[in-house]
Each structure stands twice: as structure tokens, then as C-alpha cells.
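Just below is one structure, and these are the notes that go with it.
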Amino acid sequence: MDTVKKLTGLTVALFCVLLVASAGQFCVNADLKWYSSLVKPFFMPTPLGFTFTVTVVYALCIAVITRLVVGKRFFPSLTVLALTGVLAVLFLFVVFRLRNLYGGVVVAVVLFLLSAALEVRFVVKDWVLAAVYAPVALFNAFCLVLTSVLAMTN
């Protein structure tokens, strides 16, 4: 029975993350001319660095979702986590499809606030979830800072 719960949780987690990743990829219509013209800060990761980091973030989200599903803790944690996935896709849409860095900052602020609130909830409820989710929250904070700097310099 325990194995069935874990496999169910893993299946749900993989589906959710693949859904967000697919929607995000659809939103990234990278206009290389526009993107190349942006003045980028010194701490801007390389494309390979971003790819690696996003892959790690997805893996950590899979672990968090699996633990939440196995523990049958759907509300509010899983709901807020799903909302952060929607916001991540919206962020990519606003920045890369609409080419609106200031709109991206607004979405990134909301995304950061929700992920920070989720991290606080995990610290209170489940230290394992807090430890696993912390890099995701930090990545969202980094994206907020990066997008803010991009908006101010371009």
C-alpha cells in the first residue's frame, strides 16, 4: 500500500511539473534579437546554467508534490504550489511573449511572495518539505532580483 501511495504521488507530481514545463516552453518564444539586445547584469547565468537550475527546481518540485500527495495534504499547500506553477508560466509569457519586463517584475513579486509564504508554512509544518523547497523559493527570489535589474537597465 505504501508503494502505491508513493507511485501515485510521483505520478501526480510528474504530471503537474510536465504540464508547467510544457506550458512554460510554449510561452518562451525567444526573440533572439530582442533578448540579445538586453543589457544583462554580471550575475546573469548562462543559458546552460539556467537550464541546469530549472531542471533542479523541477526535480525538487516533484519531490515536494510527491510528499504532499502521499501525506494527503492537498490544501492549502498543494493549491498554493499549483498557483506558483501558474505564475511561473505567466511570468514566462509576460517576459518572453509580451516582452514586458515591468510586467514580469509584478508577476515575479507575487510568485516570490507566494513561494516565501509556502516556505514559511513548510518550516512550521514539515521540516523535510522546508528543506527540499528552500532552493525553489531562493530561485524565485533570484528571478525577481534578476528581472528587476533587467527592467531597470533596459
Side-chain angles (χ1 to χ4, degrees), residues 1-30 35 43-45 47-152:
M1 181 68 169
D2 193 41
T3 304
V4 172
K5 282 183 181 179
K6 287 180 182 175
L7 286 174
T8 301
L10 185 59
T11 302
V12 169
L14 285 170
F15 175 76
C16 292
V17 170
L18 285 174
L19 185 64
V20 168
S22 298
Q25 186 60 39
F26 172 76
C27 291
V28 178
N29 182 21
Y35 186 75
F43 58 89
M44 177 84 161
L48 183 61
F50 255 121
T51 301
F52 175 76
T53 305
V54 169
T55 302
V56 170
V57 165
Y58 284 157
L60 293 171
C61 286
I62 288 169
V64 169
I65 294 168
T66 300
R67 187 168 174 91
L68 289 171
V69 170
V70 168
K72 296 182 180 174
R73 294 176 279 180
F74 300 109
F75 187 82
S77 297
L78 200 55
T79 307
V80 174
L81 193 60
L83 185 55
T84 64
V86 170
L87 286 170
V89 171
L90 181 62
F91 172 80
L92 294 172
F93 180 79
V94 169
V95 171
F96 290 100
R97 284 282 177 151
L98 301 180
R99 297 183 199 148
N100 186 339
L101 293 172
Y102 290 106
V105 170
V106 171
V107 176
V109 166
V110 177
L111 178 58
F112 167 71
L113 291 174
L114 279 178
S115 61
L118 199 54
E119 179 65 21
V120 169
R121 179 171 175 74
F122 290 157
V123 166
V124 171
K125 299 285 186 183
D126 185 337
W127 280 96
V128 172
L129 279 174
V132 173
Y133 189 72
V136 177
L138 289 173
F139 178 72
N140 289 335
F142 174 77
C143 288
L144 171 58
V145 170
L146 181 61
T147 307
S148 298
V149 171
L150 283 171
M152 288 187 288

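We number each residue from 1, following the sequence as shown.
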Quick one: [atom1] on [X] to [atom2] on [Y], what's the gap to the nearest 0.5 Å?
X      : Y      : atom1 : atom2 : result
Tyr58  : Ile65  : OH    : CD1   : 11.0 Å
Leu48  : Thr53  : CG    : OG1   : 9.0 Å
Glu119 : Leu114 : CD    : CG    : 13.5 Å
Leu129 : Leu60  : CG    : CG    : 11.5 Å

Can you name the closest pair of heavy atoms from [X] and [Y] and give their distance?
X      : Y      : value
Ala63  : Val132 : CB-CG1, 4.0 Å
Ala108 : Leu144 : CB-CD1, 3.8 Å
Thr147 : Gly104 : CG2-C, 3.9 Å

Which pairs pass salt bridge (charged side-chain N to carboxylate O under 4.0 Å, His left out) with one or both residues in residues 122-151, sequence neighbours excluded?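 Applying salt bridge (charged side-chain N to carboxylate O under 4.0 Å, His left out) to every pair that reaches into residues 122-151, excluding sequence neighbours, yields Arg67-Asp126, Arg73-Asp126.
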
Mind telling me whether Phe142 and Phe50 have parallel, tilted or perpendicular rings, with 30° and 60° as the class edges?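 It falls in the tilted class, 30° to 60°.
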
With a 4.5 Å cut-off on side-chain heavy atoms, are [Y] and [X] touching?
X      : Y      : answer
Val95  : Asn100 : no
Val107 : Phe93  : no
Phe43  : Val145 : yes
Val136 : Cys61  : yes

Run the side-chain donor-acceptor check on residues 77-85: report pairs under 3.5 Å with partners two or more places apart or on a different chain.
unit_1	atom_1	unit_2	atom_2	d
Ser77	OG	Arg121	NE	2.9
Thr79	OG1	Phe74	O	3.4
Thr84	OG1	Leu81	O	2.5

Pairs touching residues 101-125 that satisfy ring-ring contact (aromatic ring centres under 6.0 Å, His included), sequence neighbours left out: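 Found Phe122-Tyr133.
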
